[in-house]
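Right, one structure below, let's go through it.
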There are 2 protein chains.
Amino acid sequence: MPGRIQSVERAAAILNLLASGNRRFGVVELSRFLDLPKGTVHGILATLQHIGFVEQDRVTGKYQLGASLLHLGNSYLDVNELRTRAINWADSLASRSREAVQIGTQHDGKVLIVHHVFRPDDSAQSLQVGVLLPSHATALGKVLLANDPSRDPAEEDWALVTGLTITDPSRLEIELAQVLVAGWAQEIGEAVDGEAAIAAPIRDDRNLVVGAIGIRGAIERFSYDRQHVRPELVALVQDAARAVSRDLGAHRG
Amino acid sequence: MPGRIQSVERAAAILNLLASGNRRFGVVELSRFLDLPKGTVHGILATLQHIGFVEQDRVTGKYQLGASLLHLGNSYLDVNELRTRAINWADSLASRSREAVQIGTQHDGKVLIVHHVFRPDDSAQSLQVGVLLPSHATALGKVLLANDPSRDPAEEDWALVTGLTITDPSRLEIELAQVLVAGWAQEIGEAVDGEAAIAAPIRDDRNLVVGAIGIRGAIERFSYDRQHVRPELVALVQDAARAVSRDLGAHRG
DNA sequence: TCCCGAAGTTCGACAATGTCGAACAGCACG
DNA sequence: CGTGCTGTTCGACATTGTCGAACTTCGGGA
């Protein structure tokens, strides 16, 4: 019988639910979400627990994600070609720009951060690898959206992240069109209050955009008028993006 | 039918295999490892690919881990109580000791790093969250082994990591006994050439050891004679461990 | 103190489900 | 142009997971 394996898909649905709120879930709660008998859900949970993908709180009986997933996620980083190739250039971009560097891929309509270099000379930063960020509010996301031919612009609805986030679809489309021709994107205070970012696309050997690299930091260092970012920084990001693309086998630009 | 769900366990076995070498695996290769028909393996892989847990190289047809796992692993960190409670104390330990801080849990006989604070004023460090380290060669691991009542000392065989790694079981047992009474462990050049580490146990509300916190850095800063570490550093680590334990609800020191 | 409700867990019958292995298709090498 | 690898498809079979009712445990009200 060809097709998807039901129990594996259900197990994945449970894991995704568990990942969706940072809290523990009960059996009946999960069974309501998935519209499945609680006996069935319990059986899957018992299996997932046995393999370490979920853990059960010994006092409340509720379930949460398990430690094995942390190691699996980390192992993914080792085989991610984009990240492997980009690491060296990311370090260099960080030291030249003196800002934090992020590398992201499109995942599920959002931006998945696969690499993060801290800003030099500043250790009070939190690590972002593995985080999913909203596409429309980040420079990385705008680059990925603008270069994604297979998306449906009408479909999504964009949530407000900060007061400055672009939520109007038509205004976003205009900006994405500009990003596409310019070859880079900016973002000023749209994702985090007081922070700005710049990003440029990374292309593979078929010249398809497979990711984006960018820098992020305080608005004051990125922009003098809170409208336009400093061209020197844009040039640094574009140089890094081109260098990574070349490493991945891209031919043009 | 109570018990484990076969297909889910098989899917997990495939994921673990894929995580075990940083390379791509073919269908037949996996089917040989698991002793399953390749049709079966292919069906599971197709499902795992559909849910984003594995990805297929479009040119070679081989499989590797998928990006969804990175996000799931990161989500695990949000619900990990040990990590949540320990973060603040870890930052403080890092700034007091001026060394990199690690927090680890026992997982599969090894040490799983769940949190990592970079050494202040030094940005050339690689992130370790999600990494599995050998127990017998690290200070964190020694603390966890010494406090694990359910392990079988005879069973394991300890691999050489550096020239200084302890591989003799009886010598290791003696050291673990000392760790247990002293309440902390050291490690000098046994995991990484030129690096030393100190760790102490973290206890939960039942006074069981659920993790360990420690610092790691260049041997020269940790020890003057390459035999004993500086007592001031040990005191800092023990203070931090006690503080985290108190946060977790532990009663006695 | 008792009862009720809601939680997590167990269990067995049923049939839907995943498994198996042979056959197919595509590629690289000789 | 065959030969030996891949990864993939397919259908029959019976193993396997699913379902839902019954059990147990816990905690809050009455």
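Naming: A, B, ... by sequence-line order, numbering from 1 per chain.
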Listing time: all N or O pairs from protein to nucleotides 3-8 of chain C that are below 3.5 Å?
unit_1, atom_1, unit_2, atom_2, d
dG8(C), OP1, Val27(A), N, 2.9
dG8(C), OP2, Val27(A), N, 3.2
dG8(C), OP2, Val28(A), N, 3.1
dG8(C), N7, Lys38(A), NZ, 3.4
dG8(C), O6, Lys38(A), NZ, 3.0

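Judged by distance alone, with hydrogens and angles left aside, the side-chain atoms of Thr138(A) form a donor-acceptor pair with the main-chain N or O of Pro134(A) at under 3.5 Å.
The interatomic distance linking Ile14(A) (CD1) with dG17(D) (C1') rounds to 13 Å, in whole Å. Rounded to an integer number of Å, the gap from CG of Asp35(B) to P of dC20(C) is 10 Å. Atom CG of Asp57(A) is separated from atom P of dC26(D) by 14 Å (rounded to the nearest Å). Note: CZ (Arg4(B)) to C1' (dT10(C)) measures 14 Å, nearest angstrom. In this entry the distance linking CD1 of Ile5(B) with C1' of dT17(C) reads 12 Å, nearest Å. The CD1-P distance, from Ile44(B) to dG18(C), rounds to 10 Å in whole Å.
Between its two ends, the helix from dT1(C)-dA30(D) to dA15(C)-dT16(D) turns its axis by 0°, counting five pairs per end and rounding to 10 degrees.
Rounding to the nearest 0.5 angstrom, the gap separating the CG atom in Leu30(B) from the CG atom in Asp35(B) is 13.0 Å. Note: Gln238(B) CD to Leu93(B) CG = 11.5 Å, rounded to the nearest 0.5 Å.
Residues Arg83(B) and Tyr76(B) have side chains not in contact (no heavy-atom distance under 4.5 Å, counting atoms from C-beta outward).
The minimum heavy-atom distance between Val179(A) and Ala185(A), with the atom names listed, is CG2-CB, 3.7 Å.
At the phosphate of dC20(C), OP1 or OP2 sits under 4.0 Å from a side-chain N or O atom of Arg10(B).
Mapped onto DNA chain C by nearest heavy atom, Gly39(B) and Gln6(A) fall at different nucleotides, with Gln6(A) at the one closer to the 5' end.
Residue Trp89(A) qualifies as open at atom CH2: its count of foreign heavy atoms under 6.0 Å is 12 or below.
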Would you list the atom pairs, donor with acceptor, under 3.5 Å between side chains in residues 5-13 of chain A and any protein atom, with sequence neighbours excluded?
unit_1, atom_1, unit_2, atom_2, d
Ser7(A), OG, Ser7(B), OG, 2.5
Glu9(A), OE2, His50(B), ND1, 2.8

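Just one of Ile213(B), Leu145(B), Ile113(B) meets the side chain to side chain contact (heavy atoms under 4.5 Å, CB included) condition when paired with Leu140(B); it is Ile113(B).
The pair Arg24(A)-Asp57(A) counts as a salt bridge, with a side-chain nitrogen and a carboxylate oxygen less than 4.0 angstrom apart.
At the heavy-atom level, Thr40(B) lies under 4.0 Å from base atoms of the strands shown.
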